[in-house]
Amino acid sequence: MTDVVKWLKNSDPQENEFHQAVDKLIAWVQPALDRRPDFGQQAILQRLVEPERSVIFRVPWMDDSGQVQVNRGYRVEMSSVLGPFKGGLRFHPSVSLSTFKALALEQVFKNALTMLPIGGARGGADFEPKGKSDNEVMRFCQSFMAELAHHIGPDIDVPGGGMGVGLREIGYLFGAYRKQSGEHAAVITGRGLDWGGSQVRLQSTGYGVVYFAAEALATKNRTLEGRRCLVSGAGNVAQHTVEKIIEMGGKVLTLSDSSGFIFDEEGIDSGKLAFIKRLKNMKRGRIREYVDKYSEAQYVEADHSLDHNPLWNHTADCAFPCAAENEINARDAANMVERGIQLVCEGADLPAAPEAMDVFLDSDILYAPCTATNAGGVAIAALEMSQNRMLLNWSAREVDHRLRTVMTNIHRQCLETAEAYGQPGNYVTGAIIAGFTRVVNAMYDQGLV
Ligand code: NDP
């Protein structure tokens, strides 16, 4: 354990997720630390892992029965050295300050990789939107924003959507901000197309993931055409990952939610995907309903007593985990490698547990981590901020072209940096050290602040 992790454990012993994230970060940037002994005296690592600001706040709201409920809201503003804080919101009962610190740290390097002027932050609340009425979600969002509005602004901090925070939630959050501030400011991204949103923002994370996958496969003279693909999740990232895989000729076999997964040997085509979008985005139904409509598919209920997830135990060429953190454990990773997976390209944030990452890195598969692969979402969110400021609305074609360019550049930076540090083809080293270097250079340029 490094001195920095010991220091964090002493001050905040309960923040296991964050300690795990810092521990891994230090291991990955070690080759860069070895080249720069001056980082120690400058306390570069301590300054990077201590958020510039963290806010925790009460969110009281009234449910449909008239009962007042209280949730906890968070915003962790990790680093603004490259630009205003930027990073998504998450509404999920499992979150804590530790979750958001881990996600915000990773966001700093992800945002740096896009080469856009954005710092890193994350936030959200331990609120479960699932099963709530639209009115309950609206009242919650209004109360959440009543406090968050004190901490954000177009030049300060610009949150966006994320897990449990889709178009509906962004609408209620932005409406509440506008009412409170009296401004139609560029203060939240992921907005509806009629009220300041960007073309392709909704699709950007998933499309970007697949653009990265295509670049990675091209290094082995392969394409997605005809490849069997496993995808987990059924939300925003999963849906648009599937959409782009289909467009590039791949065959998607699986999708999941927290209750279970579906396996469709015939492949999920555009018609079936349209059904899933209606089911998940409008009806807010469960993935198991897929087999009621498409009887050729199987549904497998989640079984938490197993030591592995059977979704990852199917024979396939490519895997796109797009659901949640730590959804792939070491056993899953070993199963995937054994069954001949050629590429694992992450859509979700930190879906591979640290031991699973080690399994992938010790094998000869292409392993592309989320720091690089799902940066398309935040990149297009930053372009949404630019369009809002210029009162412009670029076409879908233009934004998609910019997205592809960003993802190609990220892929190139990863490969070049990995090569420069003697680890050719290691996307993890490449992504983290490239992002880290940009952030640290800016810290030196701006002095001790
Ligand atoms: P959504 O809330 O739209 O969807 C998440 C999906 O994953 C839901 O279908 C959910 O099912 C499912 N899920 C959650 N936990 C599990 C689990 N343990 N096993 C199987 N399925 C599960 O979120 P997003 O698609 O927006 O986000 C997914 C991931 O991508 C998150 O890690 C997020 O941080 C990351 N991300 C998202 C970005 C974006 O632009 N949206 C940008 C960058 C990263 P259920 O409905 O049952 O909960």
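Values in this document were obtained by computation on a predicted structure and should not be read as measured data. Just follow the structure's listing: the first ligand is 1, and inside any ligand the first atom is 1. Numbers here are sequence positions counted from 1.
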Checklist entry - So which protein heavy atom does atom 32 (O) of ligand 1 come closest to, and at what separation? => result Asp349 N, 3.1 Å
Checklist entry - For ligand 1, which part of Cys370 has a heavy atom less than 4.0 Å away: the side chain, the backbone, both, or neither? => result neither
Item to check | Nearest-neighbour protein heavy atom for atom 13 (N) of ligand 1, which is reported as residue plus atom name and distance | outcome: Ala323 CB, 3.9 Å
Item to check | Aromatic centroids of Phe57 and Phe144 separated by under 6.0 Å | outcome: yes
Checklist entry - With a 4.0 Å cut-off on heavy atoms, is Ala348 touching ligand 1? => result yes
Checklist entry - Considering only protein heavy atoms, which is closest to atom 4 (O) of ligand 1, and at what distance to one decimal place? => result Gly235 CA, 3.3 Å
Checklist outcome for this item: shortest atom 27 (O) of ligand 1-to-protein heavy-atom contact is with Val237 CG2, 3.8 Å
Checklist entry - For ligand 1, is any non-hydrogen atom under 4.0 Å from Glu327's backbone (N, CA, C, O), its side chain (CB onward), both, or neither? => result neither
Next on the checklist: Assess whether a salt bridge exists between Arg228 and Glu265, defined as any Lys/Arg side-chain N lying under 4.0 Å from an Asp/Glu carboxylate O.
Outcome noted: yes
Next on the checklist: With heavy-atom distances below 4.0 Å as the criterion, list the atoms of ligand 1 near Arg122.
Outcome noted: 34 (O)
Checklist entry - Does the side chain of Glu384 pick up a donor-acceptor pair with the side chain of Thr189 at under 3.5 Å? => result no
Next on the checklist: What protein heavy atom lies closest to atom 23 (O) of ligand 1? Include the residue and the distance to one decimal.
Outcome noted: Met163 CA, 3.4 Å
Checklist entry - Which of the listed options, Leu350, Asn236, Leu103, holds the heavy atom that is closest to atom 41 (N) of ligand 1? => result Asn236
Next on the checklist: Please list the nearest protein heavy atom to atom 2 (O) of ligand 1 with its residue and the distance rounded to 0.1 Å.
Outcome noted: Gly164 N, 3.0 Å
